[in-house]
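What's counted below: heavy atoms across the whole structure, side chains too, no hydrogens, waters or symmetry copies. The sequence lines fix the lettering, A, B, ..., with proteins before strands; numbering per chain opens at 1. The model shown is predicted, which means the values in this text are computed figures rather than measured ones.
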Amino acid sequence: MPLAPGTSHTSDFAGRSWSEAWTEGRDTPGDCIPPSMVAPPSPPPPPPDPQFVLRGARSAVHALHFCGGAQGQGHPLLLSGSLHGLVHIWSLQTRRVLATLDGHAGKCVTWLQTLPPGPQLLSQGRDLRMHVWDLAEGRNAIVDSVCLESVGFCRGSVLACGPQRWMLAMPGKGGDEVQILEMPSKTSVCSLKPEAEARPGMPMCLQLWQADSSPLPLLLAGYEDGSVALWDVSARKVCSRVACHEEPVMGLDFDSQKARGVSGSAEKALAVWSLDEQRALQVHGTHQLTNPGVADVRIRPDHRLLATAGWDHRIRVFHWRTMKPLAVLAFHSAAVHCLAFATDGLLAAGSGDQRISVWSLYPRM
Amino acid sequence: MKSRGMDPVLSTVRLTVREAVHTLSSSEDGGCIFSTLGSLKRYLGETENPALPEEQEEFARIHFSTFLRCLVGKLSPDWLELLPDGQLEELWASFFLEGPADQAFLVLMEAIEGAASPSFRLMKMARLLARFLSAGRMAAVMEGQCRQQTEPAFSLLQETLLSKVVGLPDHLGNRLQRENLAGFFPQNYFPLLGEELLQALHVVVESLRGGLDCSVSFLSQVLGKACVHGRQKELLGVLVPRLTALTQGSCLWQRVCWRLVERVPDRAMEAVLTGLVEAASGPEVLSWLLGNLVMKSKKAQFVMTQKLLFLQYRYTTPVLRSLLGYLAMDSQRRPLLIQALKELLETWGSSSAIRRAPLAQQHYISKAILVCLAHLGEAELQDCRDELLASLMAGVQSHLDSSLPAVRRLGMIVAEVASAQIHPEGPPLRFQYEEDELTRELLALATPQPAADSPSEAGPPVAPVTAETTNEEMVSSGGPQAQPEGSDSELDSDDEFVPYDMSGDTELRSSKAPVYVRDCVEALTTSENWERWEATLRALEGLIFRSPAATQEVSVELAKVLLHLEEKTGVAGFEALRQRALVAVTVTDPVRVAEYLTTQFYALNYSLRQRMDILDVLTLAAQELSRPGRRQKPPQRGPPGPGPQPGSPATPAWQAVVEERIRSKTRRVSKGSAGQGPAADPNKFNSVAGYFFFPLIQLFDRPLVTFDLLGDDQLVLGRLVHTLGALMYLSVNTMVAVPMGKALLEFVWALRFHGDIYVRQGLLSAVSSVLLSVPAERLLADLPDELLEAQSWLADVAQKDPDEDCRTLAIKALLLLEKLRDKLLPPPPP
């Protein structure tokens, strides 16, 4: 039972505003307002602590992915990829490693993604391989693999096209191309090569998506020169390109509901951009950060929060619609490399200090 | 022929008047008197059958005054009641109100002067004068003077009239004392006089239009005399706005106005011009009102270009603007402006003026220079460029040498603006100074103002343009924005997302600070790792306070390192960090570090900056040491150091939450005082005050090769004096206060005639701190002679010092002395 206000407060707080606020509160009929909610404005709550921390990756964590327990196993899993080439599967119930996958010859795992049909996992490593794992019924075997032709840090992206078919975007050869594959047949659909005079440099991050209105797949790519480009994959041409940063784009995420995206780079600012009906990108504004370097940006699946992973060891949380800063989570002691949101809103962050922190912020109502 | 023809007229008039006077003096019959007066009324005209013009003129010229005097003589209550309903009084008064105004006015004034002090007649006459004024007859008085041609005897009469017209409030006030009427108060009379003057000017202009000659010299004299009497505000406040409107469109009015000011006697010229310059709303108005007066009248030129610029400095910026703008408006007057600029710059740059002139005047002259520069074009400046540059450079040098920050800043601003104007092709000068109200005002002066009437002309075409652009913007930006905004607002209700505390979000520093004080010395001297160096500097103060014992082992060494530390990288707040660390060292080991610092103050090869740092550190350390209860509360100054230890920023917040919770669940039966007062604690400064004070005061008069306190380095001397005063003040209640006070008073005595304002301010505050810190009994017992000497010096400064702050400080010190005496003398028995 909440403490009835006034019974013990009044004797302690000699300050006028307290007692005034208290009497005010009592005057409104049938309504008890606890003094702390009226005046004076309470100081902001202290920064939250992580809900729990996963230790045991044994090396820096570079990729994270939540795997919802939709297949009937019940409990959601968290997958993490480490600098030394291991993929750990964590149970979020027991908070222990369930399995460890070793398929990347000790090279850094940069990207993890579960595939729509069944418990299949796609993992990208810096050994120039992309493996498809079968994880069903406790198996952990490589089913298929694709060879990459670029040694960059660019992560791939997938888009489901049908019940058993999906499209994979990954960095292609030549340094500046993006290759699109039809999976699981591994047919190369096309490769998106920027026009010769554009010289955007290497692709740094990719995101495939599909507008609600049309089935045509679109690709957002952040480039080394700080620009973000929108590709029409079927037409193989750039719809629009906008310079968002001075430095290479390190991460981007796009909210197709609001037609608005965000990108982070090596510099001290986030850029928020939007897409209009003519498929033209426009920079909406930039948001200054205290320290330079953003490794990853993620929008929560309910489109309400934005989280950024900073090279300054901190995770920053923003209100996605207004870009109002909400929290700065200073838990890690090394750069934060990757972020992942679960469908229920749980946030995981992997860092160079070999720990994965899991946060529950502003739980969904 | 004519004179013979005049004779019968002359005699009839004389006869009639004589009869009337006789009747008046002898008759007691109301009807008879009434008809007699009525018959004389014919000579004033304005009746059904007026007298011949010659007769009227004759009456007005010779008999009117005599007759009026006779009327005044008859005035008594009985006489007025000879006829009912005040008929007689009305008729009586009409002679004054309708006859020739100047004579009527003179007779009225004469009668008021002559009447016995509180009497029926006096009050009647005063009321009549009030009626006279309210009927606008004063304008008639002045009109008459404009029309008449000058005659030798006439000027004497005019002189009398002038003094009566202007002196009316004084005369009436003297005669009527408490019964004075509101209309005669100067604040009411002079605006009225202004109106009447304007009326007279109207008549002058009309008659000039009609081809008649007129003279405005009487009006000029009235204007001049009223202004000399200090009534510029009342008179010109009415006159100038009206004249502005009239002269704006009419050349004739302008010429009349120029003539009006021109004919003002020289001795009144200054009063009139200052009044006009203040009342005029801009340079154009002045130009309409004055014309090229400054070229015609030497006196006017002197007033406008010398007196208002160099000798007086009370005028506001708009006044200054309109004065200099007036000089700039006409090609004939522009040479005067250039001349004025030269002289202004010369005065501005003279070092003796900088030392002796009050700050307000220096500020005024700087403003004048900036306004001049805004008016002058490049070509004009080119001609006398070398001369201007020479005085500018000398001036900048002497301003920057000054020990008063305000003077230095004036120098910087004027130098920046003036050099850009005089020498536009050269590299621009840039100084660093703080922006504030004053600098903004000065810089705004440097940009030429648009003419006063241009905004109203430019206004209308501007408005529609802006309206259009905003419309376009709204149209163009409305489309794309509307869609996402709309879709957002219906979706989200996330305003309940309360942000967490983000104060810990500071810049990240990778390097670790040393943990031991001893390591800091090494890190600061040898480290090539700049991040470590910076982190050390930031952590140092905290480390010193945490481990006093370890600090004492290396205190002097650390102080030496810190004193010689140079800012090699752009560390934000370097000066403050270094100073705080030095203060911390001094506080931790006061005796040795103070000894070291005070000897270094007089040592060779230090920069002035370092010497002043030493003084600041000593003062701050003394303040820290003498603060009661400093053990309980470690100093929390400025932002906390960087690299917050994990958890530490959160501590206050959770503590607050926990305390809040405890408080809300605790029921207190009785409430004692919440916080005890500061616990008693020995004054740490007591035992060490001497180490701070005496080494500093001993050596000030021995010049070194590079450091001469009594010579060029007066800025440091000023700081030293202030520091000594502060140390004296901080050692209140200590044992050494008495010898310190004695030494300080001697020191003050030696320097009391120092030429620098900052030094004198320091000396005065030092005297005050002696008076505050040394116990009163000891002061009188040990230092009576010094006190007496100080008192006479203080009294002298309080009266004569050119600097306002110095005078205030001296007065404060005198008050303290006074208080001291009151304390010692027993109060007189009631």
Side-chain angles (χ1 to χ4, degrees), chain A residues 2-3 5 7-9 11-14 34-36 42-49 255 257-260 268 274-278 280 282 284 289-293 302-305 310-314 316-322 324-331 333 335 361-362 364-365, chain B residues 476-510 512 642-675:
Chain A
L3 208 71
T7 49
S8 58
H9 278 278
S11 63
D12 290 353
F13 294 105
S36 61
S42 54
D49 291 323
D255 169 4
Q257 265 184 17
K258 296 188 177 69
R260 215 153 66 99
K268 260 175 134 173
S274 66
L275 192 63
D276 61 16
E277 283 100 33
Q278 285 80 40
Q282 276 181 336
H284 239 280
L289 305 174
T290 319
N291 292 305
D302 63 353
H303 308 297
R304 296 169 84 184
L305 286 186
W311 293 357
D312 61 348
H313 317 176
R314 291 171 202 156
R316 291 185 163 72
V317 181
F318 298 87
H319 186 226
W320 168 231
R321 181 163 57 88
T322 59
K324 176 172 117 178
L326 291 176
V328 176
L329 309 174
F331 168 77
S333 53
L361 298 171
Y362 305 104
R364 297 155 77 175
M365 309 295 159
Chain B
S476 63
S477 62
Q481 268 179 4
Q483 188 261 332
E485 294 282 324
S487 63
D488 274 0
S489 54
E490 62 198 5
L491 250 164
D492 281 333
S493 54
D494 304 331
D495 294 330
E496 72 273 19
F497 283 1
V498 182
Y500 290 102
D501 181 22
M502 280 174 285
S503 57
D505 187 19
T506 51
E507 283 190 31
L508 188 74
R509 286 167 212 288
S510 52
K512 281 222 176 89
Q645 288 73 30
S648 77
T651 310
W654 69 253
Q655 248 173 9
V657 171
V658 169
E659 274 169 19
E660 172 85 352
R661 231 173 263 166
I662 292 174
R663 215 177 290 166
S664 65
K665 306 237 162 131
T666 313
R667 188 189 296 266
R668 296 226 172 114
V669 181
S670 68
K671 205 169 75 170
S673 63

Below 4.5 Å from any heavy atom of chain B, which atoms of A:Pro292 appear? Answer side chain, backbone, both or neither. neither
Could I get the full list of ring pair (Phe, Tyr, Trp, His ring centres under 6.0 Å) partners for B:Tyr500, not counting sequence neighbours? A:Tyr362
Using side chain to side chain donor-acceptor pair (under 3.5 Å) as the criterion, list what pairs up with B:Asp505, not counting sequence neighbours. A:Thr290, A:Arg314, A:Arg316
Heavy-atom distances under 4.5 Å only: say whether A:Asp312 touches chain B with side chain, backbone, both or neither. both
Compare every heavy atom of B:Val498 with every heavy atom of A:Pro45, then report the nearest pair and how far apart it is. CD-CG1, 4.2 Å
Is A:Ala330 close to chain B through its backbone or its side chain, or both, or neither, when contacts mean heavy atoms under 4.5 Å? neither
With a 4.5 Å cut-off on side-chain heavy atoms, are A:Arg304 and B:Phe497 touching? yes
For the interface with chain B, which of A:Leu289, A:Leu329, A:Leu326, A:Val328 has the highest count of heavy-atom pairs at distances below 4.5 Å? A:Leu326
Against chain B, work out which of A:Ala327, A:Gly310, A:Ser333 has the most heavy-atom pairs shorter than 4.5 Å and name it. A:Ala327
Are A:Lys324 and B:Pro499 close enough that some pair of their side-chain heavy atoms sits under 4.5 Å apart? yes
